[in-house]
Amino acid sequence: MSIYAKDTDPAFQAAGAKLGLEIWCVENLKLVSVPKSSHGRFYSGSAYVILNTVLPKSGLPQHDIHYWLGHDTNKVDSALASDKALELDAALGSCTVQYRELQGQETGKFLSYFKPCIIPIEGVYTSQKEHLNGETYKVSLLACKGDHVVHVKEVPFSRSSLNHSDVFILDTASKIFLFSGCNSSIQERAKALEVVQYIKENKHRANCEVATVEDGKFVGDPEVGEFWSLFGGYAPIPQDPPSSVQKQPDTPFVKLSWISTQGKLHPCQTDSLSKEMLETDKCYMVDCDSEIFVWMGKHCSVTERKTSISAAEDFLRNQGRSAGTHSTFITEGLEPAKFRSYFNNWPQMVETKLYEEGRGKVAAMFKHQGYEVKELPDEEDIQPFIDCRGTLKVWRVDCEKLSLLPASEERKIFSGDCYVVQYTYLGNERSENIFYAWRGCGSVMEDRRDAISHLNAIVDSTRGNPVLAQVMEKKEPSQFFSIFQTLIIFKGGMSTRYKKFIAEKGIGDETYDESKTALFRVQGTSPNNMQAIQVDPVSGSLNSSYCFILQTGTSAFTWIGNLSSTRDHDLLDRMLELLIPTWQAISVREGSESDIFWNALGGKADYPRAKEIKGYIEDPHLFMLSTTEGDFKVKEIYNFTQDDLTTEDVLVLDCHTEIHVWIGCHSNVRSKQQALTLGLKFLETDVLVEGLSLETPIYVISEGHEPPFFTRFFEWDSSKSNMLGNSFERKLAILKGKPQQLEAPKRNSWKAYSRETTPDGLRSKSMSSNGQRSVSPASGVSVSSVTSSNNHILFSSAPINRKIFTGSSPNGSPDVSFASAGSPAAEAKLPATGGTQADGNEPSEAGTNLLIYPYERLKVISKDPIAGIDITKREAYLADEEFQAQFAMTKRDFYKLAKWKQNKLKMALHLF
């Protein structure tokens, strides 16, 4: 802790010294620590103080304080929790952000600490051990709202509590029912299944059944009938009333007030806000209608801060504001992005960064204080995240055509041109591709547009889902340089449009040739990652942190900056050998330059001499993008995991120096060009108010084809990224213990274009009648295609076994799981003994390739039952003749019947 006053509550002793959550509860007007085993269990009659401590990639630990107030919390405990939160802030050096959380209206950040949810408990918290008294299990009905974080609220156990818009969980002693309103989203249903899993594991010790019920299903389904019987029988649910939620105005309501030491609000009359309006010895309230912020200057006392927070809380009560109005309390210098976004031109924050020479010491200091951190790595120790020994191909954009560069020239590019780069490498047992559109700083706008157009054409004509990237010169991501290994960027250009542009403008042609004076800055991290960048041949281009190569047409010099390293000197020698192998260069140390050297650069002039500090490493942020009726919205997902990459969504991983647009298979984004446009829109929005450049590199990544330099930001489970179905179907399969049956078969590896082939000669892709790309029979590959509910085509190199398990998808169709024939997953589904393979059966809902068993062994009451079959489809295992004899109809006719009729017939025959 930075500061620990004598009058600080003893409960806060050593608070913030460890990473993660610490929770205290008000009990008998005192704070008591809540043990970790009880984290996430909140009582509606109690007030809590929650501290979350994280250690970012660079910098000092960061703290967030939340105080949570239950619906039934009394005013004394509520006020005490507010005061204690401020006291904890002071103990931590007034370097925290504080949030007021009300039961049922919690912020997304708060809920992200307790995944999948919190379910408030009636009563008050007690630190004494509770004794179970063997009471009868209480049936409860829970309403779930939310797609990435879910608000769970217990509602009266009554049919009138149900509606068409939300998802509900009915928790009984022996079974948990999930009821999905017909207007609820797939994401909400999937998230509610996580809550079901949580309840099953924590309240039922994983010993209970789970049933899914869809709004509008009739009682003919036994589980549906069982669900409605608990409500006294089925009755239609009334239509939901029109939504009372008003659309937020494009320009949000914002009002600034100064808070006096007496707690009075004094409105500031202004049309717009600027940082200069906030004085460091005062407190202010920014009223944004749906949320309020209290800003406290660095020089304000604890008493003034307490008065300001109380004034803001009183303001909300007196104004009759909605309980959903969030309150955030911040100290000068710690302003979150949302707060800064309400101010015009808020200056970029200049924080104290970790200097190179002190990084190891700081890491050691963190270790001494108990933080589990590694020594902060030097840049040269950072390795690329993909295999950089793959195949590289480079095309130059020249109007409407692409010119393939020969292998000897593909690592020499010009800043006046644009290029399309294809890199093929071995990924997870298959070839993977990354396509870049690199646009030089001096290139013309038409070539830049054509580069993107050519890039999309190549990607659309390529099997699989390669990664696509848009890159601007001087903003290249490290991965781009890694795949080139050695890259030389010359001034000038070779494209027709560039030559025409400089001729029309009367600009001298800077295109490199050995007869001209040229200055190159040498940079890189290793011999496998080094670049020579041609810069203006003037003294001001020099920099003490780098080494340079100077060509004058008749002689050559190497210039070694005083702050350059031995690694830099090695790269200088290697690059000199590549750039001008036949020249004998004169080595010059900074400070010992001759007049000939300075004259070649037009005379001596000032240049940067200070140590160049390596960039501050920001932690990534994940955002969900949505475009509804032309309205572009961005929502941050806090404490993200791989499970937040839902297949129906489009998300952006903001890494500050580059962004990754991730496209779910079931999202409404149908092209990578559309994803690129969304990425640009995200950069324009600049949600974090971090000054993102529109030239920030953009990667477009498809679900199931995530490269390692993306997955490194997650604890990645590749089996999750290879599952079929929408997010609800996937979660349901996991809940039922059958996730392996949903794994997609491995995709065929494919070859990159041959060097003799250019995109100009590519045939247009064949399209089927439904708009999907068809597979050419000439490929020589046996292909099975399966159309999913949203018309995506899934390709497999082997036949597919299909099996239906209990439950239905949200659209009413059976849940289907797939596995490659011959794969372990497929073999696991075959019964051990006693069956013969069905062949030539009538088409049935139960699918193909099921085994045949006698009726007597398939009955529910059989004395010799078959193990390992799908018990909800017993009839599908009957031979055609026996099926006809028992049901008096063919399988084809049976599966044309309504579901309730099928179940009725099966019950009569003891097959249900």
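Predicted model only: the values in this text are computed from it and were never measured.
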Worksheet item: Between K115 and D644, is the closest basic N to carboxylate O distance under 4.0 Å?
Response: yes
Worksheet item: After noting the C-alpha distance and the side-chain angles of K200 and I176, does the key distance pass the side-chain contact (heavy atoms from CB on, under 4.5 Å) rule?
Response: CA-CA 8 Å; K200 179 180 178 180; I176 303 173; 4.0 Å; yes
Practice prompt. Mind checking the CD-CG spacing from E223 to L178? Nearest 0.5 Å is all I need.
Written response: 11.5 Å
Response to the item:
Shortest non-hydrogen pair, D9 vs E87, comes out as N-OE2, 2.5 Å
Worksheet entry | Check: S140/E154 side-chain N/O donor and acceptor closer than 3.5 Å | no
Worksheet entry | From E106 atom CD to H151 atom NE2, the distance as rounded to the nearest 0.5 Å | 5.0 Å
Worksheet, complete the sentence: Distance col, row I23:CD1 vs H39:NE2, nearest 0.5 angstrom, shows 4.0 Å
Worksheet item: Stepwise, does the ring-ring contact (aromatic ring centres under 6.0 Å, His included) test hold for Y638 with H621?
Response: CA-CA 8 Å; Y638 299 97; H621 294 256; 8.0 Å; no
Discussion item. Looking at T96, is its backbone amide N or carbonyl O close enough to the side chain of D89 to form a donor-acceptor pair, meaning the two atoms are under 3.5 Å apart?
Written reply: yes
Worksheet entry | D72 and V124: CA distance, side-chain angles, deciding distance, side-chain contact (heavy atoms from CB on, under 4.5 Å) verdict | CA-CA 9 Å; D72 303 322; V124 296; over 6 Å; no
Worksheet entry | Over all atoms of both residues, closest heavy-atom pair of V152 and C117 | CG2-CB, 3.7 Å
Discussion item. Is it true that T53 and H63 share a donor-acceptor pair across their side chains at a distance under 3.5 Å?
Written reply: yes
Worksheet entry | Spacing of CG belonging to N52 relative to CG belonging to N639, to within rounding of 0.5 Å | 6.5 Å
Worksheet entry | Separation between CH2 of W24 and CZ of F12, rounded to the nearest 0.5 Å | 5.5 Å
Fill in: Heavy-atom pair of closest approach, residues V149 and S112
CG1-N, 4.3 Å
Worksheet item: Do other residues, nucleotides or ligands put more than 12 heavy atoms under 6.0 Å from K145 NZ?
Response: no
Discussion item. When you compare the side chain of I50 with that of E22, does any pair of heavy atoms fall below 4.5 Å?
Written reply: no
Discussion item. Ring-plane angle category for H66 and Y113, please: parallel below 30°, perpendicular beyond 60°, tilted otherwise.
Written reply: perpendicular
Fill in: Heavy-atom check, side chain of N163 versus side chain of N183, under 4.5 Å
no
Worksheet entry | Heavy-atom check, side chain of L170 versus side chain of F179, under 4.5 Å | no
Practice prompt. Take S290 and H326 through the test side-chain contact (heavy atoms from CB on, under 4.5 Å) and record every step on the way to the result.
Written response: CA-CA 7 Å; S290 61; H326 292 143; over 6 Å; no
Item to complete: Please answer whether the main-chain N or O of V76 pairs with a side-chain N or O of N74 as donor and acceptor at a distance below 3.5 Å.
Response: yes
Worksheet, complete the sentence: Of all heavy-atom pairs linking S44 and Q103, the shortest is CB-OE1, 3.2 Å
Practice prompt. Identify whether the distance between the nearest side-chain nitrogen and carboxylate oxygen of K175 and E226 falls below 4.0 Å.
Written response: yes
Discussion item. Can you tell me if E201 has over 12 outside heavy atoms packed within less than 6.0 Å of its CD?
Written reply: yes
Discussion item. Check whether H148 reaches the backbone of M624 with its side chain - one donor and one acceptor, N or O, closer than 3.5 Å.
Written reply: no
Discussion item. To the closest 0.5 Å, what do you measure between CD (E313) and CZ (R321)?
Written reply: 14.5 Å
Practice prompt. Dump the intermediate steps for ring-ring contact (aromatic ring centres under 6.0 Å, His included) on F42 and Y48, then the final yes or no.
Written response: CA-CA 8 Å; F42 291 88; Y48 295 79; 4.8 Å; yes
Worksheet item: Shortest non-hydrogen contact from P116 to V150?
Response: O-CG1, 3.1 Å
Discussion item. Taking K153 first and then D166, would you say they form a salt bridge - that is, a charged N and a carboxylate O separated by under 4.0 Å?
Written reply: no
Item to complete: Flag the pair Y99 / S327 as yes when at least one side-chain heavy-atom distance between them is below 4.5 Å, and no otherwise.
Response: no
Worksheet item: Just by distance, do the side chain of D215 and the backbone of G181 share a donor-acceptor pair under 3.5 Å?
Response: no
Worksheet item: Salt-bridged, K191 to E188, with N to O below 4.0 Å?
Response: no
Discussion item. Could you tell me if the side chain of V652 sits less than 4.5 Å from the side chain of L622, heavy atoms only?
Written reply: no
Worksheet item: Which residues satisfy the ring-ring contact (aromatic ring centres under 6.0 Å, His included) test with F714, sequence neighbours excluded?
Response: F640, F710, W716
Fill in: Ion pair check, K109 and E636, cut-off under 4.0 Å
no
Discussion item. What I want to check is whether the side chains of E27 and S127 have a donor and an acceptor closer together than 3.5 Å.
Written reply: yes
Worksheet item: Does a donor on one side chain and an acceptor on the other come within less than 3.5 Å for S862 and R857?
Response: no
Worksheet item: Is it the case that E648 and H666 place a side-chain donor and acceptor less than 3.5 Å from each other?
Response: no
Worksheet item: For the side chain of R730 and the backbone of A190, is there at least one donor-acceptor N/O pair under 3.5 Å apart?
Response: no
Discussion item. Could you go through V34 and Y125, starting from their C-alpha distance and side-chain angles, then the distance that decides it, and tell me whether this counts as side-chain contact (heavy atoms from CB on, under 4.5 Å)?
Written reply: CA-CA 9 Å; V34 176; Y125 174 80; 4.1 Å; yes
Discussion item. Is there a side-chain contact between D171 and Y137 in this structure, where contact means two heavy atoms from C-beta onward sitting under 4.5 Å apart?
Written reply: yes
Discussion item. Holding to ring-ring contact (aromatic ring centres under 6.0 Å, His included), I want the full list of residues that pass it with F157, two or more places apart in sequence or in another chain.
Written reply: F231
Discussion item. Just so I know, are the side chains of L858 and H910 near enough to count as touching, which here means a heavy-atom distance under 4.5 Å?
Written reply: no
Item to complete: Return yes if some donor-acceptor pair links the side-chain N/O of Q642 with the main-chain N/O of D717 below 3.5 Å, else return no.
Response: yes
Worksheet item: Which atoms form the tightest heavy-atom contact between I186 and S727, and what is the distance?
Response: CG2-OG, 3.4 Å
Worksheet item: Do E101 and T107 have side-chain atoms, one donor and one acceptor, less than 3.5 Å apart?
Response: yes
Worksheet entry | Pairing residues for F623 by the ring-ring contact (aromatic ring centres under 6.0 Å, His included) criterion, not counting sequence neighbours | F682
Worksheet item: Between the side chain of N202 and the main-chain N/O of Y198, is any donor-acceptor distance below 3.5 Å?
Response: yes
Item to complete: Evaluate the side-chain proximity of V49 to L88: yes if any heavy-atom separation is below 4.5 Å, no if none is.
Response: yes
